[in-house]
**Student:** 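I have a structure I would like to understand better, so I am pasting it below and will then ask my questions one at a time.
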Amino acid sequence: MEHMVDEAETIGGSLDDIRAFCAVVEFGTVSAAARLLGETKGGVSRRVSRLERHLGVGLLARTPRAVTPTEEGAAFYIKARDGLRLLDDAAEGARSSRSVPSGHLRVTASLDIGLEVLSELVVRFRALHPQIMVELLLTDSPLDLAANRIDLALRASSTALPDMGYRASELATFCASLYASPVYLAARGEPQMPADLSGHDLVLAHGAVGAMQIGLSDRKGRMEQVLARPVIRTTDFSSVLRIVAAGGGIGPVPDVVAAASVASGSLVQVLPGWTWLEAKLHAISLGGREMPARVRVFREFIRAELAGMKGRADPG
């Protein structure tokens, strides 16, 4: 503890003492400095005296009419003034980050969401907020926000999120439905009911080896179990999308991921009204009283864009 006190003394006491000294130098009198700082004349004098004791050197030459800095005081003032300005700028930057959207925004998301959804949305976001520089970290491995200095994580889950100690905000609810290319359906026919899938080529993300039971549900809550054998297995929905768009079979893809391909006509929904699974997309950020404006505007932009995509995909 004594060592810590000694270190504090070597830097010249408190910032308020340094500010009081700088004010006296700038205004020429203790009285004027006291008025500026909203303190008493005696209080300012005590601050300057305490600072001189900490430094072990006289900073002001005092006369009945005025005070002037000593040679050591003038040299200290120049560096202290510049240091205080840097601190004030840093504090103002921190305060303005709560209201002015600017700076570096670091976002992580899965490959599916990042490649098929965020790529276009980030371009549109930057057109609205050119003062924000966006860095995307696309990975299917969940990254710790604090350890990786991440502002926002977009994570999808079909179950409740675990308690991570971070702030989570739901952005959208989405479904993974079945899709195929028009070319594939023209060649193989279109399934009319879930049981028909057993006669088709299935493309699955994280699918098991060999035959497996897959479950589909409709809007009335009915469940259908189908025994199917995947012909292609891959690691992520983005790959499924590309494979089925190339005519490789039928596969489940989240509607937000498939939206652009459906709009372009390269994918067609199979078994409309039946879904593979339902999940929620969350925006996860560091806790705190107030998130930076750059994070807040990006989160709300993504929320609005996803709602628009969902509305276009499901107008009913």
Side-chain angles (χ1 to χ4, degrees), residues 97-98 101 103-126 128-129 132-177 179 204-206 215 217 219 235-241 252-262 275-314:
S97 71
R98 296 169 54 183
H104 187 126
L105 178 67
R106 195 169 165 90
V107 179
T108 185
S110 67
L111 289 170
D112 316 305
I113 298 296
L115 294 176
E116 307 301 334
V117 180
L118 281 187
S119 298
E120 181 178 345
L121 296 189
V122 163
V123 174
R124 296 213 292 267
F125 176 78
R126 285 269 303 125
L128 295 173
H129 301 281
I132 299 178
M133 197 281 279
V134 180
E135 180 181 358
L136 294 179
L137 289 78
L138 303 183
T139 174
D140 288 330
S141 300
L143 300 178
D144 182 79
L145 275 65
N148 293 278
R149 295 180 291 107
I150 294 170
D151 293 304
L152 200 70
L154 302 181
R155 293 179 183 166
S157 177
S158 58
T159 59
L161 288 175
D163 184 8
M164 300 169 289
Y166 296 134
R167 175 190 300 165
S169 174
E170 183 180 324
L171 292 181
T173 298
F174 65 88
C175 297
S177 301
Y179 296 89
L204 299 183
H206 310 290
S217 60
R219 293 172 181 172
T235 57
D236 54 81
F237 288 118
S238 184
S239 299
V240 173
L241 181 145
V253 183
D255 50 15
V256 294
V257 173
S261 297
V262 171
T275 59
W276 185 277
L277 62 83
E278 184 175 287
K280 297 181 185 297
L281 182 66
H282 293 88
I284 302 171
S285 59
L286 295 172
R289 294 181 59 186
E290 186 70 28
M291 68 172 55
R294 67 182 185 277
V295 182
R296 186 173 62 254
V297 297
F298 182 77
R299 182 192 64 186
E300 296 311 311
F301 173 82
I302 296 298
R303 189 195 307 277
E305 289 294 317
L306 291 177
M309 292 170 60
K310 188 173 181 62
R312 291 190 294 271
D314 185 16

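In this text the structure is predicted, and so the values were computed from the model without any measurement.
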**Student:** Do any N or O atoms from the side chain of Ser119 and from the backbone of Gly114 form a donor-acceptor pair under 3.5 angstrom?
**Tutor:**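 Between the backbone of Gly114 and the side chain of Ser119 there is a qualifying donor-acceptor contact (under 3.5 Å).
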**Student:** Between Pro252 and Phe237, what is the shortest heavy-atom contact and its length?
**Tutor:**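 In this case the closest contact between Pro252 and Phe237 is O-CD2, 3.2 Å.
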**Student:** Identify, with sequence neighbours excluded, every residue that meets side-chain contact (heavy atoms from CB on, under 4.5 Å) alongside Thr139.
**Tutor:**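 With neighbours one apart ignored, the set is Thr108, Ser141, Leu143.
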**Student:** Could you walk me through whether Leu204 and Val240 pass the side-chain contact (heavy atoms from CB on, under 4.5 Å) check?
**Tutor:** CA-CA 7 Å; Leu204 299 183; Val240 173; 5.9 Å; no
**Student:** side-chain contact (heavy atoms from CB on, under 4.5 Å) between Leu118 and Leu154: does it pass, once the steps are laid out?
**Tutor:** CA-CA 10 Å; Leu118 281 187; Leu154 302 181; 3.8 Å; yes
**Student:** Can Arg299 and Ser285 be said to form a side-chain contact (heavy atoms from CB on, under 4.5 Å), step by step?
**Tutor:** CA-CA 10 Å; Arg299 182 192 64 186; Ser285 59; 5.5 Å; no
**Student:** Run the side-chain contact (heavy atoms from CB on, under 4.5 Å) test against Glu300 and tell me which residues pass, sequence neighbours left out.
**Tutor:**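 With neighbours one apart ignored, the set is Arg303.
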**Student:** Return the set of residues passing ring-ring contact (aromatic ring centres under 6.0 Å, His included) with Phe301 (not counting sequence neighbours), or none when no residue passes.
**Tutor:**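 In terms of ring-ring contact (aromatic ring centres under 6.0 Å, His included), with neighbours along the sequence ignored, Phe301 is linked to Phe125.
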**Student:** Could you measure the distance from the OG atom of Ser239 to the CG atom of Asp112? Nearest 0.5 Å is fine.
**Tutor:**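 It comes to 8.0 Å.
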**Student:** Using 0.5 Å steps for rounding, measure from the CD1 atom of Ile302 to the CZ atom of Arg124.
**Tutor:**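 That separation rounds to 9.0 Å.
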**Student:** Under the side-chain contact (heavy atoms from CB on, under 4.5 Å) rule, collect the residues that match up with Ser217, sequence neighbours excluded.
**Tutor:**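 Expected list: Met223, Thr275.
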**Student:** So, taking the atom named CG in Leu115 and the one named CG in Leu138, what distance separates them when rounded to the nearest 0.5 Å?
**Tutor:**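 Nearest 0.5 Å value for the CG-CG distance: 6.0 Å.
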**Student:** Treating Asn148 as the side-chain partner and Ile150 as the backbone partner, does any N or O pair qualify as donor plus acceptor under 3.5 Å?
**Tutor:**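 No, Asn148 side chain to Ile150 backbone: no donor-acceptor pair under 3.5 Å.
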**Student:** Not counting sequence neighbours, list each pair that qualifies as a salt bridge (charged side-chain N to carboxylate O under 4.0 Å, His left out) and has a residue in residues 134-153.
**Tutor:**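 Sorted pair list: Arg106-Glu135, Asp151-Arg294.
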**Student:** If we check side chain to side chain contact (heavy atoms under 4.5 Å, CB included) with Leu286, which of these qualifies: Leu145, Val295, Leu152?
**Tutor:**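 Among Leu145, Val295, Leu152, the one that satisfies the side chain to side chain contact (heavy atoms under 4.5 Å, CB included) with Leu286 is Leu145.
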**Student:** First locate atom CD of Glu170, then atom CG of Leu281, and finally report the distance between them rounded to the nearest 0.5 Å.
**Tutor:**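 Spacing of CD (Glu170) from CG (Leu281) equals 9.0 Å.
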**Student:** Could you go step by step and tell me if Tyr179 and Leu241 meet the side-chain contact (heavy atoms from CB on, under 4.5 Å) rule?
**Tutor:** CA-CA 8 Å; Tyr179 296 89; Leu241 181 145; over 6 Å; no
